[in-house]
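Below is one structure, written out as structure tokens; comments come after it.
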2 protein chains.
Amino acid sequence: MTTLSQLPLPPDAGGAQALATTLAHAILSGKWASGETFPRERDLCEHFSASRNRVRNALAELSGSGLIERTAGRGTVVRDIEDWHLLDPQMSEWMAGLEAPHPQLVREVFAFRLSAEPFVSELAALAATGQDLARIESALVGMCDSAADPARREEHADHDVAFHDAIYRASHNLVWRQMGLLLRPSIVALIQHSHHQAGSLDDSLERHRQVFDAIRLRDPEAARDATERVLARTAADLGVEHGTRPLTRPASLPD
Amino acid sequence: MTTLSQLPLPPDAGGAQALATTLAHAILSGKWASGETFPRERDLCEHFSASRNRVRNALAELSGSGLIERTAGRGTVVRDIEDWHLLDPQMSEWMAGLEAPHPQLVREVFAFRLSAEPFVSELAALAATGQDLARIESALVGMCDSAADPARREEHADHDVAFHDAIYRASHNLVWRQMGLLLRPSIVALIQHSHHQAGSLDDSLERHRQVFDAIRLRDPEAARDATERVLARTAADLGVEHGTRPLTRPASLPD
DNA sequence: ACTATACGAAATGTCTGACATTTATTCCAG
DNA sequence: CTGGAATAAATGTCAGACATTTCGTATAGT
């Protein structure tokens, strides 16, 4: 839709970054189709009653994350979802702040986790230091602690993210570590969609603890299996199945 | 080193992005230690004879990639390498343009490839479309074509990157696809370090072709094995070994 | 002597208005 | 109908002033 700037969003009073967040959320929500021209700077200035400077800084952030492409004389166009920098931490923040996450993105990110995270757990089991273990355990304790009260869902999600992020960290590879930031959107989406599932929490906590135990005992195989079980439950809760095709890795049967 | 702005780099005449590249290269080369204060805007303006606007835009890019952190009143400090956004495509470009890449980064990126890429090849063997195959083959032909002439090293590197990138694309997952952009630096580094190795090119081409054949025949296991062989040769050329520990993934033997 | 408050220097953040540059369109001559 | 120059519209850049945050310092009070 060539949605005019009027419809999508109310004005904003925060700094430049707040404006960027507002616009990013609009794009992530699919307000503009790929290839469509974005509103001009002038109009954005007017609509948000912001200086051109703030608008330009905000647009620069969007451009830096691959959401839009700006060329002098032509204007600003929204880029295809394939060109978005999904691994940009800022992007993860934007996605996590979205109330209704882009369905395709959630599926894609989760499919990635499904394939990669068991392997990361293997690495963690081999490379984790005492500090790493402490971090993982601390997150686990936080999850258990905030599990009872349904009013502390947000806190619980934070600890959940911290748990998995700590595992990525424990791989002791900078690249894998960066990917831990991808988790937040998918976990937040999970929490939102599965809150009505009763009693699944105890089960989830138990599975998480098994991952921790396996890593603590330096048992890569067990860590991989336990992580697969955690993700399998999550996949079921999210209704994701293992979307396209391969669950984790085809041992020997191609089809 | 509290290297003054004098020493590191000659002035620049390009746009704002060019300046960002210059500064990024300086940081990636380790001219400033982590936590150290970066030169003030004023000094950068003077040294590069650039307007404050360009300097600010450049610094904003660096900040967006996690290289620096700016806070009003305090100044600009260089962030720790652990906080750099290695998966930001811009970062890959900067690293690729560096004549002497950061040794730790090359090792980390390659360690990541070593662990992940065989798996990506499995995915590609399962999900590749005809178009994907065409893309991979085209890159392979380009590699063969430019292999003979040592003066076309750059072109050869481009085709090499295109080959591996096409495989990441063929996984048909947006997250893995984004990671294909990580390859350029490590491949460029490889080309620079292995140009004196005679006769290794034919061998390398043959291994690449085997990867392609396996994907074309929809054989995930063969694709994984072939990719492992490609990377093993690359690792040997780079002198990386498989640094920390795990080569690809312990099928059943933990050690 | 020590603490607490107030002041001021120094850095980044923001606003404003003008001008430069690139791109697509339009209009006119050939 | 085609080619090219003028024009309009968008983003990119510059310059200067002002606002805001932070830290150090001086000063007064206890």
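So you know, we letter chains A, B, ... as the sequences are listed, proteins then strands, and number each from 1.
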Rounded to whole Å, please give me the gap between [atom1] in [X] and [atom2] in [N].
X: B:N57; N: C:dG13; atom1: CG; atom2: P; result: 12 Å
X: A:L44; N: D:dA10; atom1: CG; atom2: C1'; result: 13 Å
X: B:E41; N: D:dA17; atom1: CD; atom2: P; result: 17 Å
X: B:R42; N: C:dG13; atom1: CZ; atom2: P; result: 16 Å
X: B:R70; N: C:dA11; atom1: CZ; atom2: C1'; result: 9 Å
X: B:R74; N: C:dG13; atom1: CZ; atom2: P; result: 13 Å
X: B:E69; N: D:dT22; atom1: CD; atom2: C1'; result: 14 Å
X: A:Q17; N: C:dT14; atom1: CD; atom2: C1'; result: 15 Å

Among the nucleotides C:dT22, C:dC15, D:dC14, which one has an atom lying closest to any side-chain atom of A:A72?
->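 Nearest to the side chain of A:A72 among the choices is C:dT22.
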
State whether B:T71 places a side-chain N or O below 4.0 Å from either non-bridging phosphate oxygen (OP1 or OP2) of C:dA11.
->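 Indeed not, no polar side-chain atom of B:T71 lies that close.
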
Closer than 4.0 Å, any side-chain N/O of A:R40 to the OP1 or OP2 of D:dA10?
->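 So the side-chain polar atoms of A:R40 do come within 4.0 Å of the phosphate oxygens OP1 or OP2 of D:dA10, strictly under.
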
Given that B:F38 and B:N53 both sit by DNA chain C, which one's nearest nucleotide is further toward the 5' end?
->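 It is B:F38 whose nearest nucleotide is closer to the 5' end.
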
Taking for each residue the nucleotide of DNA chain C with the nearest heavy atom, is it A:R52 or B:L59 whose nucleotide lies nearer the 5' end?
->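 Taking each residue's closest nucleotide, the earlier one in sequence belongs to B:L59.
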
B:H156 and B:D160: side-chain donor and acceptor closer than 3.5 Å?
->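 The answer is no; no qualifying pair exists.
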
Taking it one step at a time, do A:L44 and A:F38 satisfy side chain to side chain contact (heavy atoms under 4.5 Å, CB included)?
-> CA-CA 10 Å; A:L44 293 173; A:F38 204 69; 4.0 Å; yes

Do any N or O atoms from the side chain of B:E36 and from the backbone of B:R79 form a donor-acceptor pair under 3.5 angstrom?
->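 No.
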
Distance-only, no hydrogens or angles: does the B:H25 side chain make a donor-acceptor pair with backbone N or O of B:W94 under 3.5 Å?
->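 Yes; judged by distance alone, with no hydrogens or angles, the pair exists.
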
